[in-house]
Amino acid sequence: MRDFRDAKGMAHTLRAALDARGFKITISQSLELIAEAFGVADWNTLAAAIRQEAPTGPTAPPARSRRPPGGRHRLRFLPCLA
């Protein structure tokens, strides 16, 4: 399950999904839409929350790949785009 810490990847996935359906938006617009989906005022607010939640130091888990096996993300929070 993806959460708000995956917001940047979600924004890229959203942009690609919309592009595939003929809707052209900028990455900035997709970041703002993801922030809105999480109920925050804007991308900067969501990014600050992500930074606060991010583990730091040697206990941080290894970075995950942005893409799941198969190279495609599924949009589970916007069923109209699935």
Side-chain angles (χ1 to χ4, degrees):
M1 177 73 184
R2 299 177 89 178
D3 64 19
F4 74 98
R5 291 168 292 188
D6 295 320
K8 205 166 199 178
M10 289 177 186
H12 286 278
T13 301
L14 174 62
R15 183 174 185 230
L18 290 173
D19 186 52
R21 288 163 177 79
F23 297 96
K24 306 288 185 198
I25 65 172
T26 66
I27 193 62
S28 295
Q29 290 170 319
S30 65
L31 290 167
E32 294 296 330
L33 287 169
I34 294 300
E36 185 178 327
F38 280 106
V40 296
D42 55 32
W43 169 250
N44 289 329
T45 304
L46 182 57
I50 292 168
R51 281 190 297 275
Q52 285 181 345
E53 290 288 322
T56 58
T59 60
R64 293 186 344 213
S65 169
R66 288 183 152 196
R67 298 240 181 242
R72 295 198 57 164
H73 290 293
R74 294 273 188 229
L75 294 175
R76 297 175 202 269
F77 64 98
L78 294 173
C80 64
L81 298 176

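Just so you know, residue 1 is the first one in the sequence shown, and it goes up from there. Side-chain atoms are counted along with the backbone in the values below, which use heavy atoms only and exclude waters and symmetry mates.
- Taken to the nearest 0.5 Å, the CD1 atom of I50 stands 9.0 Å off from the NZ atom of K8.
- The minimum heavy-atom distance linking R15 with I25 is given by the pair NE-O, 2.7 Å.
- Under the salt bridge (Lys or Arg N to Asp or Glu O under 4.0 Å) criterion, no residue pair touches residues 27-48, with sequence neighbours excluded.
- Distance check, rounded to the nearest 0.5 Å: CD1 of I34 to CD1 of I27 gives 9.0 Å.
- The side chain to side chain contact (heavy atoms under 4.5 Å, CB included) search around A47 returns W43, R51, not counting sequence neighbours.
- The salt bridge (charged side-chain N to carboxylate O under 4.0 Å, His left out) check on D19 picks up K24, with sequence neighbours excluded.
- Residues L46 and A35 share a closest heavy-atom pair of CD2-CA, 3.8 Å.
- Between the T45 side chain and the A41 main chain, no donor and acceptor come within less than 3.5 Å of each other.
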